[in-house]
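Everything quoted here is computed from the prediction, not taken from an experiment. Heavy atoms only: backbone and side chains are in, while hydrogens, waters and symmetry mates are out. Each ligand, and each atom within it, is numbered from 1 in the order the structure gives.
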Amino acid sequence: MKRFKIKELLATPPAGQSVKIQGWVRTFRNNQFIALNDGSTIQNMQAVVALASIDDATLKRITTGACLSIQGELIASLGKGQSVEVKVTELEILGDCDAEKFPLQPKKHSLEFLREIAHLRSRTNTISAVMRVRHAMAFAIHRFFNERGFYYIHTPIITGSDAEGAGDMFRVTTLDGKNPPLDENGHVNHKEDFFGRETNLTVSGQLEGETYALALSEIYTFGPTFRAENSNTARHLAEFWMIEPEMAFYDIHDNMQLATDLLQYLVRYALDNCSDDLEFLNKRAQEEEATKPQEQRSELSLLERLKFVVENDFQKLSYTEAIDILKNSTPNKKKKFQYLVEEWGVDLQSEHERYLVEKHFKKPVILYNYPKNIKAFYMRQNEDDKTVAAMDVLFPGIGEIIGGSQREERYDRLLKRIQEMNLPEKELWWYLELRKFGSAPHSGFGLGFERLILFVTGMTNIRDVIPFPRFPKSAEF
Ligand code: 4AD
Ligand code: MG
C-alpha cells in the first residue's frame, strides 16, 4: 500500500478511504490517541486506536519517539484541533524508542540543550520548522535568479586565493603536520603539497564569480564558505552558506536595487509558502519575548516584521551621513555604546548598525560609500579618494545581512590598491587580467544564508538555523 504524507492527507476530504502513514510518535494519550509526525508539516496526524484492538505488549511500545507504520481509514475527526484523523486498522512498530532513555520528552527543551543532541533535535517542532523554511528559502533563491536570467555558477570550495584579503582561513593540506617537508630555508615546502601550493577553504566565491559575470553577464554562486575567525557570537559560524550574485554592467545603485528585490522576494515567498511553520515560529518567538524585560522586547512580532520588510522601502544612507547620526545619538552622548563614535573613518560595530535600523530609522538600511581603509581591496574607488562604492544591507535584529560593492574595473587603480594593501599581487594575476582583457563595470554582493534564515524564522542564535553548526571548539556531529 502506498504511503501518504501527513501534509497531503490533512488536505484530503475524509471518506473512510484506506490510507497508510509512517512517522514518529509525538505523544500517546489514554492508550488511544497517537499524535504522529512525519516531518512533511508541523501538523501531526491523530491516529486513533480502538480500545482492546491492539495487544498490551504492542501498546506499551507506542512511546514518544517510536517510529510507526499505520494503516487505517481516513475519517472526519470529532475531536478538537484537527479536521481529519486515521482510525487504526493495522499498526507496526518500525523502531522502538526507550522512553526512559530518549532525551526528547513531550515538553519544552532549551535550544542550548538541543544543540548538544543535534542528531535528534531534527525531531522537534522548532528545528524541523526552521529547516523547512530553510529549504523553501534555498528553493526561492534559485527561482528568483532563474526568473531573471542569472546563471548558477559552482565556484570552487578549495582555492588558493583569499577573496576578502582578511586572513582567517582554514588550510587545506595533505602534508604530515608532525613531520612536514622543509625547503632550504627551513619553511614548510608547499611545492610538495597535494596542489603544489598553499590552499585553503574558500571564504567567498566572489573572485571566481567575477570571471563568469564578465562572460555570462549575470551569475550567482550559492555554496558553503568558511571563516576561521574566532568569533563566538550568535551571528557567526565557521561554516556558513552564502549567495553571491555578480553582474556585469551594474553600478552600485543597480546593485542596491537587486539586493532589495531579492530580500523582498524571499520574505514574500516565505509568507506565501511557509504559513504553518511561520505561525508556529511567530508564537514561539512571542513566548520567548514575554520572558524578556519590557525594554528589550521588539515592537513588532515576527510576522509583522516580515510584512514590514515586504511593504516598505529600505533606507539608503551614506556612511558619512550615518556617522553624523551616530555621533549625535543619545547612546553616543550618554556613552552607552561600547565603542563610542568619535570620528569619520571608524568601522561600525553591530551596536551602531542596530541603532540605525532599530531605533533611528526603524526599517532596513542600506549603507554605502564606506571609507576605503575599512573595506576590501576590490571595491571601486570613488572620486573623493577616500571612499569606495561599498554597500551593506542592515536588518532589524540581525545587523549586516548583505555585504557587497561595485568592483574596481580599472586595472591601474586595482593594482595600486593591491600594492598599497600588501596583498600578493602575483597570486591575483588572473583577477588582474580580467581588467586587461575586456574589462567592464560590474557589481555584486554576498547574502549570508543563515542570517536570512535567522530573520525569516525569528530565531536568535545562528547555531539553530543550520543543521550542524560549526563554531570554535565544536564539530561533534
Ligand atoms: O561581508 P562579507 O564578508 O562579504 C563577502 O564575503 C563578499 N565577498 C561578498 C560579495 O560581495 N560577493 O560577507 C557577506 C555576508 C555578510 O553580510 C553576512 O551576512 C555573511 O556573509 N557572513 C556570515 N554569516 C555567518 N557567519 C559568518 N562568520 C559570516 N561572515 C559573513
Ligand atoms: Mg561584510
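With a 4.0 Å heavy-atom cut-off, ligand 1 is reached by no atom of Glu210. Heavy atoms of Phe240 found under 4.0 angstrom from ligand 1 belong exclusively to the side chain. With a heavy-atom cut-off of 4.0 Å, Thr225 does not touch ligand 1 at all. In Tyr378, the part holding a heavy atom less than 4.0 Å from any atom of ligand 1 is the side chain. Heavy atoms of Ile402 found under 4.0 angstrom from ligand 1 belong exclusively to the backbone. When non-hydrogen atoms are compared, ligand 1 lies under 4.0 Å from neither the backbone nor the side chain of Glu246.
Relative to the ring axis of Trp344, Lys386 places its NZ or CZ within 45° and under 6.0 Å from the centre. Relative to the six-membered ring of Tyr431, Arg435 meets both conditions, a distance below 6.0 Å and an angle of at most 45° to the axis.
Residue contact check: Ile462 has heavy atoms under 4.0 Å from atoms 25 (C) of ligand 1. Atoms of ligand 1 lying under 4.0 Å from any heavy atom of Arg235, numbered from 1 in the order shown and given with element: 25 (C), 26 (N). Ligand-side atoms of ligand 1 in range of Gly404: 11 (O), range being under 4.0 angstrom from any heavy atom. Each of the following atoms of ligand 1 lies closer than 4.0 Å to a heavy atom of Glu229: 28 (N). Taking every heavy atom of Met242 and a limit of under 4.0 angstrom, the matching atoms of ligand 1 come to 6 (O), 13 (O), 14 (C), 15 (C), 21 (O). Atoms of ligand 1 found under 4.0 Å from any heavy atom of Arg407 (numbered from 1 in listed order, with element): 10 (C), 11 (O), 12 (N).
Shortest contact from atom 18 (C) of ligand 1 to any protein heavy atom: Arg451 NH1, 3.6 Å. Of the protein's heavy atoms, Ile401 O, 2.8 Å lies nearest to atom 19 (O) of ligand 1. At the shortest separation from atom 15 (C) of ligand 1 among protein heavy atoms lies Gly446 O, 3.6 Å. Of all protein heavy atoms, the one closest to atom 26 (N) of ligand 1 is Leu237 N, 2.9 Å. The nearest protein atom to atom 5 (C) of ligand 1, hydrogens excluded, is given as Glu164 OE2, 3.4 Å; this is a heavy-atom distance. Atom 20 (C) of ligand 1 has as its closest protein heavy atom Gly448 CA, 3.6 Å. When hydrogens are left out, the protein atom nearest atom 17 (O) of ligand 1 is Glu400 OE2, 2.6 Å; that is the closest non-hydrogen contact.
A ring-centre distance under 6.0 Å is not found for His442 and Phe249. Centroid-to-centroid, the aromatic rings of Phe395 and Phe314 come within less than 6.0 Å.
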Evaluate the criterion salt bridge (charged side-chain N to carboxylate O under 4.0 Å, His left out) for residue pair Arg407 and Glu409; output intermediate values, then yes/no.
CA-CA 6 Å; Arg407 315 307 188 193; Glu409 84 283 13; over 6 Å; no

List the steps, then state whether side chain to side chain donor-acceptor pair (under 3.5 Å) holds for His142 with Tyr220.
CA-CA 9 Å; His142 289 300; Tyr220 68 107; 2.6 Å; yes

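Applying the ring-ring contact (aromatic ring centres under 6.0 Å, His included) rule to Phe471 yields no partners; only residues at least two apart in sequence or on another chain are considered. Under the rule for a side-chain hydrogen bond (donor to acceptor under 3.5 Å, both in side chains), Ser122 has no partner lying at least two apart in sequence or in another chain. The side-chain hydrogen bond (donor to acceptor under 3.5 Å, both in side chains) search around Ser301 returns Glu304, not counting sequence neighbours.
At a cut-off of 3.5 Å, with distance as the only test, no side-chain donor of Asn369 or Thr320 sits close to an acceptor on the other residue.
Looking at Glu244, Arg227, Gln206, it is Arg227 that brings a heavy atom closest to atom 6 (O) of ligand 1.
Residue contact annotation: Glu450 has no non-hydrogen atom under 4.0 Å from ligand 1.
Between Phe139 and His135, the ring planes lie parallel to each other; the angle is under 30°, not in the 30° to 60° tilted range. A tilted orientation is assigned to the rings of Phe145 and Phe150, their planes being inclined by 30° to 60°. Ring-plane geometry between Phe477 and His119 is classed as parallel, the angle between the planes falling under 30 degrees on a 0 to 90 degree scale with a further cut at 60.
Note on Lys416 versus Glu420: salt bridge recorded, some NZ/NE/NH1/NH2 to OD/OE distance being below 4.0 Å.
Atom CD of Glu288 is separated from atom OG1 of Thr126 by 9.0 Å, given to the nearest 0.5 angstrom. Note that NE2 of His253 is 5.0 Å distant from CE of Met256, once rounded to the nearest 0.5 Å.
Residue-and-atom listing of protein N/O/S atoms under 2.8 Å from the Mg ion (ligand 2), sorted by chain and number: Glu400 OE2.
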